[in-house]
There are 2 protein chains.
Amino acid sequence: MHQEHIAKQFDVELENVRAKVLRMGGLIEEQIESAVNALQDGNVSLARQVIETDRRINGLEVSIDEDCTHIIARRQPAAGDLRLILAIIKTITDLERIGDEAKKMARMAILLHDSDRLLQPHLPVDLRHAAHLAVQMLGHSLDAFARLDATTAAQVLRDDRDVDESFRGILRQLITFMMEDPRTISNAIDILFAAKAVERIGDHAKNMAEYVIYLVKGKDVRHTSMEEVERTVISDY
Amino acid sequence: MHQEHIAKQFDVELENVRAKVLRMGGLIEEQIESAVNALQDGNVSLARQVIETDRRINGLEVSIDEDCTHIIARRQPAAGDLRLILAIIKTITDLERIGDEAKKMARMAILLHDSDRLLQPHLPVDLRHAAHLAVQMLGHSLDAFARLDATTAAQVLRDDRDVDESFRGILRQLITFMMEDPRTISNAIDILFAAKAVERIGDHAKNMAEYVIYLVKGKDVRHTSMEEVERTVISDY
């Protein structure tokens with residue numbers, strides 16, 4: 001009876017942490033969307049809001065980290081649960097760094113739209129498609145995490161290629177503009193950094209998906225090829 | 001007596017893990033030096049060696065991760081030791097990503113020195129100084145970790161500003177070259193990505209230093225200002 005009580009208490013604590021991670025993830029999806037909109041529309045007040053909200057994300061990371069440490073110390077979880085908690089600790093590190101990338105984009109929005117820089121030629125580059133792909137990857141990683149679904153996680157690994165391809169497309173576009181009109185170079189470099197931030201968001205979402213596959217399949221898929229990952233994921237079917 | 005035996009066994013295991021982390025760190029310092037030399041000297045075979053060695057680093061990460069999980073599951077460490085092990089798990093994630101940045105630089109070296117690209121104008125940009133600063137930061141982070149020395153760790157946080165400043169200097173140089181001769185743009189962008197890799201190495205070393213401060217001072221210094229960090233670190237003196 002006492003054991004059972006402890007077990008239930010443990011489940012409640014674990015469920016609370018998982019819910020907090022998903023809330024953190026939802027907040028970050030919003031941050032990316034807002035940052036790219038601020039950048040495309042030159043919306044400086046939206047950019048400021050993204051920078052301000054990043055504090056809340058940092059606070060969530062610290063708080064979830066503490067929750068996880070307390071759960072391990074007090075509940076001394078068995079191997080399976082322990083692996084889940086360690087995956088959470090790794091996941092929130094990537095989530096927090098996705099938040100940092102969104103903040104960088106917001107800063108870029110403010111930089112690009114301040115008065116001096118607007119005198120330079122305007123660049124018709126759209127990051128929305130790439131950002132949309134990255135947000136989708138992040139959403140799928142969070143779904144995979146919530147349902148411990150290795151199939152969805154494997155899809156995220158494949159989708160990262162689309163984000164990378166989209167980044168290379170933007171890079172080619174920017175190089176063309178710079179070659180045609182060297183006055184665009186400074187702005188183009190700033191937009192390039194923003195595009196790089198989107199690409200990194202995809203990388204972090206991919207890391208998160210790898211933790212889910214590890215958790216479900218008990219095999220470390222980091223540092224293995226896409227083909228091996230797919231063998232691991234379909235091994236049960 | 002039995003308790004004491006367990007405690008000793010635990011110390012041995014923990015010491016083994018710490019030694020492995022330092023070995024991994026040493027290997028990565030070498031990787032960064034080799035990658036930047038490959039890039040500057042157009043040494044393609046050195047670049048290939050860096051890419052090959054990265055597998056060993058990935059293997060070390062997976063192996064240390066498993067060691068840490070086993071120690072927690074079997075030894076059920078008390079809060080202080082648990083925090084140390086969790087800091088190790090986070091540290092090796094950053095170390096592995098530093099390794100990835102070195103690999104990216106090595107790939108860039110191969111790309112820049114293949115026959116087609118050599119037809120483009122040569123760019124007299126030197127990344128060695130920035131890379132040297134970043135390797136120094138990493139070395140100090142590893143020292144701080146080995147000795148659990150918060151003062152050295154705080155120094156790393158300050159040094160990150162120098163790496164960032166050095167990156168901005170390279171960026172200004174590259175923009176000047178591109179403006180003067182648009183034919184340099186493609187190569188300049190590749191060198192820019194290599195410089196960005198160096199800047200990110202500094203960021204990862206900074207993350208590692210923050211874990212050490214957290215460990216020693218029991219206060220989470222991530223997401224706090226430099227001034228707060230210094231207050232935390234000098235609070236004992």
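Each chain gets a letter, A, B and so on, in the order the sequences are listed, and its residues count up from 1.
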Spatial distance of atom CG (B/D65) from atom CG (A/L86) [nearest 0.5 Å]: 7.5 Å
Between CZ of B/F193 and CG of A/L171, what distance do you get to the nearest 0.5 Å? 5.0 Å
Under 4.5 Å from any heavy atom of chain B, what part of [X] do you find: side chain, backbone, both or neither?
X      : result
A/L174 : neither
A/D81  : neither
A/I89  : both

Is there a side-chain contact between A/D94 and B/T93 (heavy atoms, below 4.5 Å)? no
Is [X] close to chain A through its backbone or its side chain, or both, or neither, when contacts mean heavy atoms under 4.5 Å?
X      : value
B/I72  : both
B/R172 : neither
B/I189 : side chain
B/L192 : side chain

Residues passing the salt bridge (Lys or Arg N to Asp or Glu O under 4.0 Å) test with A/D162, sequence neighbours excluded, are none
Looking at B/E180, B/M179, B/R74, which one has more heavy-atom pairs under 4.5 Å with chain A than the rest? B/M179
Shortest non-hydrogen separation from A/L82 to B/T69 and the atoms involved: CD2-O, 3.7 Å
Evaluate whether atom CZ of A/R55 has more than 12 neighbouring non-hydrogen atoms of other residues, nucleotides or ligands under 6.0 angstrom away. no
I'd like to know if A/D203 and B/R97 make a salt bridge, using a cut-off of under 4.0 Å between side-chain N and carboxylate O. no
Of A/M178, A/K196, A/Q76, the largest count of non-hydrogen pairs under 4.5 angstrom with chain B goes to A/Q76
